[in-house]
Amino acid sequence: MDTQCIHHDENGISNDDAYLWFTGVVPPIYLSNGEKPSLNPTRQALEQILTNLNKATQPTLTYASGLAAVSSVCLTLLKKGDHAIIVDDAYSGTTNLFKACLNRFSIESSFVNLSLSFSAVTEHLRPSTRIVWLESPSNPSLRLVDIDAISTLVHSYDSSIVVVVDNTFASPLNQSPLLLGADICHASLTKYINGHTDVIGGCLSMSRRDLYEKFLSSQSLFQMNLSPFDCYLVRRGLTTLALRMRQHMKNAYHVAQFLERHPAIERVFYPALPSHPQHEIYKKQGGASGMCSYVLVKDADVKQFLMALKLCTVAVSLGGCETLLESPALMTHRSTLYANETNEQMSENLIRMSVGIESVRDIINDLDRALYKSINQEQTNNTGMDNDDWEIIEEAKRISRRLHQPRLQEVASVILTKSGQMYSGIHFESSQSFATVCGEVSAISTMVNDGHRDLAVIVALRGFDDDKNRFEIMNPCGRCRELIGDFNPDAQVIVGTIEKPYRMAIKDLMPLKSCSTVNAAD
């Protein structure tokens, strides 16, 4: 996928492409549409990449906005007397289009929560149903739906019903709706695909020839095409999509974990967290990105929280390099979700956050300060732990889980240097005895081999052969303690328990003959 974000074909550009691009490295901007807008070479260069990324067999069509693409679906496929099913917490523009516009033309819509049970869709299917509109993750609550199961049920009821999935939140890198049985994959190019908060656009990808011919004809009729210059900008943004998404997801995961521990937060919704209600669906079809939603505690002042933010920007967009967040109740969804008294699951304290690619330390520090202000408390930290400490603990857990082997226990160690570099090492044991060659030594060797000696913080976790999610924090042995002290006498080691870790200076630890778990006697 990394290559396809830059070249629409893994084998590079074709002779025809080279001719259109005047043998340039990137396609030039053709501002002339020619006889047909759809044949503009700059637009075609973008659509070719989108077609491959979305796993479509028909050419992707681009539109002047995400909502223009939604409107094209409705105007092309629906007529008077038809019926549509839409997830009940969809993007507010989509909801308003079906509720406030299409119902005036006698097109009826049913808004259904399909995240609780995919079979709920069968209760709302009718002979007049023509569209089932899904979002996974949904906007703003990040609920997931089982695209494969729903598509199978819908098509078994009536194969002519078109299943559309809005894939904006996930992006093509993290979810492929067409491979999961959907008929159309919709996305707002404004968000992650462009990724720089400077373009408005949308697209539709599909594999059915009959649908493609309908939309190609209607696109020419409606004149909703994305301009050549915007196509150029989106294609340029696409070249860094894979890199950006990896950083978005890494940051969002750490932010979500931080929020789960914060006293001002009641609940966090991030698909990659085991606590997410549809985490099992996520493991099957994907869907995590930089989007994260959370609910502030009942007594928190949402407006005070938003006003206290300094680094994070309060805005209604998402998917850019910068961290953006908003209150759906006050901003994007107040006329849709919060106008519906039956929508009991939407808290007015819900915050939707698009985690950017800034330093995650800076993002978390800004959130931490603003969250404490929202509950009129001072920031407290009596464990000596900071956000980087939690990050290296989680990194040690990930390494241990990834390399977990039955009948072998592992000791995973992670080092954070003063310059912010992270290094890891692991040691395996075949018995219940403690390690004789420590994970810390392996991590330190990795650090030294990379030319660094500025060791700041270290943690060692012992994993267990019978449960890859069970860990104990290890206390460095005397040999490791001396080695760590040689690099930095003031280095910090994380000790305690997984539930209540804390920092200690390496010089203050009691030396042991072998690495051991910390207990009260230590």
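From a predicted model like this one, the values you see are computed outputs, not experimental measurements. Quick note: residue numbers are just sequence positions, from 1.
R208 CZ: more than 12 foreign heavy atoms inside a 6.0 Å radius.
Taking OG from S289 and CE from M245, the interatomic distance works out to 5.0 Å, rounded to the nearest 0.5 Å. For the atom pair CD1 of I147 and CZ of F118, the computed distance is 13.5 Å after rounding to the nearest 0.5 Å. The structure places CD1 of I150 at 4.5 Å from CG of L114, a figure rounded to the nearest 0.5 Å. Interatomic distance, D88 CG to S110 OG, rounded to the nearest 0.5 Å: 11.5 Å. Taking CG of N225 as the reference point, atom CG of N40 lies at 9.0 Å (rounded to 0.5 Å). Between atom CD1 of residue I131 and atom CG of residue D183 there is a gap of 10.5 Å, rounded to the nearest 0.5 Å.
Across M353 and C312, no two heavy atoms sit closer than the pair CE-SG, 4.3 Å. Summarising the geometry of L173 relative to A242, their closest heavy-atom pair is CD2-CA, 3.2 Å, with the distance given to 0.1 Å. Closest heavy-atom contact between A272 and H279: O-CE1, 3.3 Å. The two residues S136 and V145 come nearest to each other via the heavy atoms OG-N, 3.1 Å. Of all non-hydrogen atoms in L142 and M291, the two that sit nearest each other are CD2-O, 3.0 Å. The shortest non-hydrogen separation linking S207 to A56 is OG-CA, 3.6 Å.
Taking the six-membered ring for Trp and the full ring otherwise, F258 and H254 have centroids separated by 6.0 Å or more. Aromatic rings of H262 and Y372 (six-membered ring for Trp) have centroids within the 6.0 Å cut-off, being under it.
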Practice item. Before giving the answer on side chain to side chain donor-acceptor pair (under 3.5 Å), spell out for N349 and S347 the whole-Å C-alpha distance, their side-chain angles and the decisive distance to 0.1 Å. Key: CA-CA 5 Å; N349 282 7; S347 167; 5.0 Å; no

Exercise for review: Kindly determine whether F222 and F215 satisfy side-chain contact (heavy atoms from CB on, under 4.5 Å), including the steps that lead there.
Suggested key: CA-CA 10 Å; F222 302 146; F215 284 110; over 6 Å; no

Point to revise | side-chain contact (heavy atoms from CB on, under 4.5 Å) between D146 and K284, intermediate numbers included | key: CA-CA 9 Å; D146 192 326; K284 180 173 68 171; 2.5 Å; yes

**Study point:** L116/N113 under side-chain contact (heavy atoms from CB on, under 4.5 Å): CA gap, chis, key distance, verdict
**Key:** CA-CA 7 Å; L116 300 177; N113 183 353; 3.6 Å; yes

Point to revise | Trace of the salt bridge (charged side-chain N to carboxylate O under 4.0 Å, His left out) decision for E391 with R361 | key: CA-CA 10 Å; E391 183 175 350; R361 181 190 315 174; over 6 Å; no

Exercise for review: Check the pair Y253, L273 against side-chain contact (heavy atoms from CB on, under 4.5 Å), reporting the backbone distance first and the verdict last.
Suggested key: CA-CA 8 Å; Y253 188 81; L273 290 180; 4.0 Å; yes

Give the table of side-chain donor-acceptor pairs shorter than 3.5 Å for residues 299-311, with sequence neighbours excluded, one pair per line with atom names and distance.
from : atom 1 : to   : atom 2 : distance (Å)
D301 : OD1    : K303 : N      : 3.1
D301 : OD1    : Q304 : N      : 3.0

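Remark: side-chain polar atoms of N251 are paired, donor with acceptor, to backbone N or O of E358 under 3.5 angstrom. Of the possible donor and acceptor atoms, one in the side chain of N96 sits under 3.5 Å from a partner among the backbone N and O of S92. Counting only distance, with no hydrogens or angles, the side chain of Q219 and the backbone of T62 share a donor-acceptor pair below 3.5 Å. A donor-acceptor contact shorter than 3.5 Å links the side chain of N167 to the backbone of Q175. With hydrogens and angles ignored, the 3.5 Å screen pairs a side-chain donor or acceptor of T129 with a backbone N or O of R126. With hydrogens and angles ignored, the 3.5 Å screen pairs no side-chain donor or acceptor of S220 with any backbone N or O of S217. In this structure, the side chain of E135 engages the main chain of N139 through a donor-acceptor pair within 3.5 Å. With hydrogens and angles ignored, the 3.5 Å screen pairs no side-chain donor or acceptor of S72 with any backbone N or O of A68. The main-chain N or O of L50 is found under 3.5 Å from a side-chain atom of N54 such that the two form a donor-acceptor pair. No side-chain donor-acceptor contact under 3.5 Å links T42 to the backbone of P228.
Counting heavy atoms from C-beta outward, K55 and S176 have side chains that approach closer than 4.5 Å. Side-chain contact between I193 and V234: present, with at least one pair of heavy atoms (C-beta onward) separated by less than 4.5 Å. Under the 4.5 Å side-chain criterion, counting only non-hydrogen atoms from C-beta, S293 is in contact with L350. Within the 4.5 Å cutoff, the side chain of F98 has no heavy atoms near those of the I107 side chain. Residues W390 and P501 have side chains in contact (heavy-atom distance under 4.5 Å, counting atoms from C-beta outward). Annotation: side chain of S115 is not in contact with side chain of L144 (no heavy-atom distance under 4.5 Å). In this structure, V164 and V132 have side chains that are not in contact, with every pair of non-hydrogen atoms separated by 4.5 Å or more. Between S109 and H83 there is no side-chain heavy-atom pair separated by less than 4.5 Å.
Remark: K99 qualifies as a cation-pi partner of F111 under the 6.0 Å distance and 45° angle criteria applied to the six-membered ring.
Counting only residues at least two apart or in different chains, side chain to side chain donor-acceptor pair (under 3.5 Å) contacts with residues 190-204 comprise S188-T190, S188-K191, N194-D198, T197-E322.
A search for side-chain hydrogen bond (donor to acceptor under 3.5 Å, both in side chains) contacts involving S141 returns D89, S138, not counting sequence neighbours. A search for side-chain hydrogen bond (donor to acceptor under 3.5 Å, both in side chains) contacts involving S218 returns T76, not counting sequence neighbours. The side-chain hydrogen bond (donor to acceptor under 3.5 Å, both in side chains) search around S106 returns none, not counting sequence neighbours. With sequence neighbours excluded, no residue forms a salt bridge (charged side-chain N to carboxylate O under 4.0 Å, His left out) with D166.
A side chain to side chain contact (heavy atoms under 4.5 Å, CB included) with L226 is found for exactly one of L233, I200, L46, namely L46.
No salt bridge links E260 with R267; every basic N to acidic carboxylate O contact stays at or beyond 4.0 Å.
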